[in-house]
Amino acid sequence: MKILFLDQSGKPGGAELCLIDIAKPYQHDALVGLFADGSFKDLLQQNNIPVEVLRTEAIAVRKESSLIQGLTTLGQLLPLITKVVKKAREYDLIYANTQKALVVGAIASFFSRRPLVYHLHDILSTEHFSQTNLRVAVNLANRFASLVIANSQAAQTAFIEAGGRRDIVEVVYNGFEPKNYYTDESDIKKLQQNLELQGKFIIGHFSRLAPWKGQHILIDALAQCPPQVTVILVGDALFGEQNYVQQLHQQVAKLGLENRVKFLGFRSDIPQLMAACDLVAHTSTSPEPFGRVIVEAMLCEKPVIAAKAGGAMELIEHGFNGLLVTPGEPQQLAQAIITCLQETEITATIAKNARITASQRFNVATINQQIAQLLSQKF
């Protein structure tokens with residue numbers, strides 16, 4: 001099956017990392033068309049996946065954009081749509097990996113007479129999307145997509161509740177290669193040394209810096225923890241959220257935590273950094289569609305404390321392979337951190353269970369098999 005994959009981003013987020021795994025088995029008969037240039041293109045090339053940047057300027061519409069803002073960008077989209085229609089005729093299937101890709105892919109599907117698959121990596125709700133964008137996504141999926149792949153039951157439920165067709169949506173979790181998450185003990189010690197974190201109890205937070213990702217909740221919780229507890233924030237602002245980064249620095253200074261919080265920015269050595277942590281925290285204040293970071297930490301055999309909402313509740317069984325806390329509650333989070341710090345044997349058992357669960361449930365070979373099966377059944 002020859003597949004034209006479409007993605008709006010030049011930067012590798014969770015949806016993009018997932019796409020690398022999905023496209024790999026089809027690399028000899030596929031093309032990934034990107035709507036922006038950037039480091040994601042380089043990652044695809046490193047994985048020997050054919051890629052082409054179809055547009056050099058980013059599309060101005062955002063999740064919260066209104067109808068008028070959306071309409072003003074139609075002129076920008078026409079050359080891109082024309083290009084995609086032409087490309088699509090060389091392939092059997094269009095696979096839209098993001099919402100903007102869905103808009104372009106749906107129109108291209110109509111004109112090229114090629115079936116469309118939409119991979120849903122979002123919770124379609126007004127917490128994340130404007131009412132207009134929500135309606136556009138659901139209506140286009142209902143009308144043009146032969147299959148919607150949701151990355152969790154939470155994402156599937158939100159799609160149906162927003163008016164999506166129940167008969168076209170299937171759940172397939174994200175896949176991971178377990179062996180990529182093993183780090184040698186000597187490398188862990190070296191990394192802790194480089195970061196000047198020897199002898200500390202290290203909590204890692206891995207995501208872009210954005211208010212709904214809840215880094216401020218973790219900093220508030222840290223202020224209630226013993227002095228050896230230290231936080232590393234891995235990630236940076238992506239979508240014009242620099243004000244929030246400034247607020248985080250001010251919060252750290254106000255609480256006198258300058259020596260206990262390290263801002264590491266974007267890093268490519270995520271498995272190694274996770275391995276250097278004692279604990280990984282996930283603090284999203286809104287429901288997360290999946291929670292890629294949670295599974296990665298589990299594969300690194302690290303205990304995870306996650307916000308009890310959305311996809312996280314499908315990944316973690318509280319007290320068995322992780323801990324769940326109420327979103328937006330620093331005091332509850334602090335208590336869970338202190339439990340992990342003090343109850344070392346229980347925490348080690350939770351971490352072991354986490355690795356076993358994640359290796360079995362989210363192995364990329366199994367996930368790719370599920371996607372291949374769905375595609376062969378439908379087309």
S.K.: Using distance only, find each side-chain donor-acceptor pair of residues 369-379 under 3.5 Å and give its atom names and separation, not counting sequence neighbours.
M.R.:
{"residue": "Ser376", "atom": "OG", "partner": "Ala372", "partner atom": "O", "Å": "3.2"}
{"residue": "Ser376", "atom": "OG", "partner": "Gln373", "partner atom": "O", "Å": "3.0"}
{"residue": "Lys378", "atom": "NZ", "partner": "Ser146", "partner atom": "O", "Å": "3.4"}

S.K.: When Leu333 is tested against each of Asp220, Ile338, Thr283 for side chain to side chain contact (heavy atoms under 4.5 Å, CB included), which residue passes?
M.R.: Thr283

S.K.: Evaluate the side-chain proximity of Leu77 to Ile107: yes if any heavy-atom separation is below 4.5 Å, no if none is.
M.R.: no

S.K.: Check the hydrophobic clustering (I, L, V, M, F, W, Y; side-chain heavy atoms under 4.5 Å; chains of links allowed) and say if Val172 and Val364 are grouped together.
M.R.: no

S.K.: Check the pair Gln360, Thr366 against side-chain hydrogen bond (donor to acceptor under 3.5 Å, both in side chains), reporting the backbone distance first and the verdict last.
M.R.: CA-CA 9 Å; Gln360 289 171 349; Thr366 312; over 6 Å; no

S.K.: With a 3.5 Å cut-off and no angle check, do the side chains of Ser186 and Asp184 form a donor-acceptor pair?
M.R.: yes

S.K.: Just wondering, more than 12 heavy atoms not from Glu345 lying within 6.0 Å of its CD?
M.R.: no

S.K.: With respect to Lys213, which candidate in His282, Glu241, Glu288 satisfies the side chain to side chain donor-acceptor pair (under 3.5 Å) definition?
M.R.: Glu288

S.K.: Is there side-chain contact between Leu120 and Leu102, with heavy atoms separated by less than 4.5 Å?
M.R.: no

S.K.: Applying salt bridge (charged side-chain N to carboxylate O under 4.0 Å, His left out), name anything that partners Asp187, two or more places apart in sequence or on another chain.
M.R.: none

S.K.: What I'd like to find out is whether the side chain of Glu52 reaches to under 4.5 Å of the side chain of Lys87, using heavy atoms alone.
M.R.: yes

S.K.: Which one of Phe176, Tyr173, Tyr181 satisfies the side chain to side chain contact (heavy atoms under 4.5 Å, CB included) criterion with Val295?
M.R.: Phe176

S.K.: With a 6.0 Å cut-off (strictly less than), is the heavy-atom count around CZ of Phe111, excluding the residue itself, greater than 12?
M.R.: no

S.K.: Would the number of heavy atoms belonging to other residues, nucleotides or ligands and lying under 6.0 Å from CD of Glu258 be above 12?
M.R.: yes

S.K.: Can you confirm whether Gln331 is buried at CD, in the sense that more than 12 heavy atoms of other residues, nucleotides or ligands lie under 6.0 Å from that atom?
M.R.: no

S.K.: Verify, without hydrogens or angle tests, whether Lys308 (side chain) and Met313 (backbone) share a donor-acceptor contact under 3.5 angstrom.
M.R.: no

S.K.: Should the ring pair Phe263 and His249 be called parallel, tilted or perpendicular, given that the plane angle runs from 0 to 90° and is split at 30 and 60?
M.R.: parallel

S.K.: Is Val32 reachable from Val117 through a run of hydrophobic residues whose side-chain heavy atoms are each under 4.5 Å from the next?
M.R.: yes

S.K.: Is any side-chain heavy atom of Gln228 closer than 4.5 Å to one of Leu341?
M.R.: yes

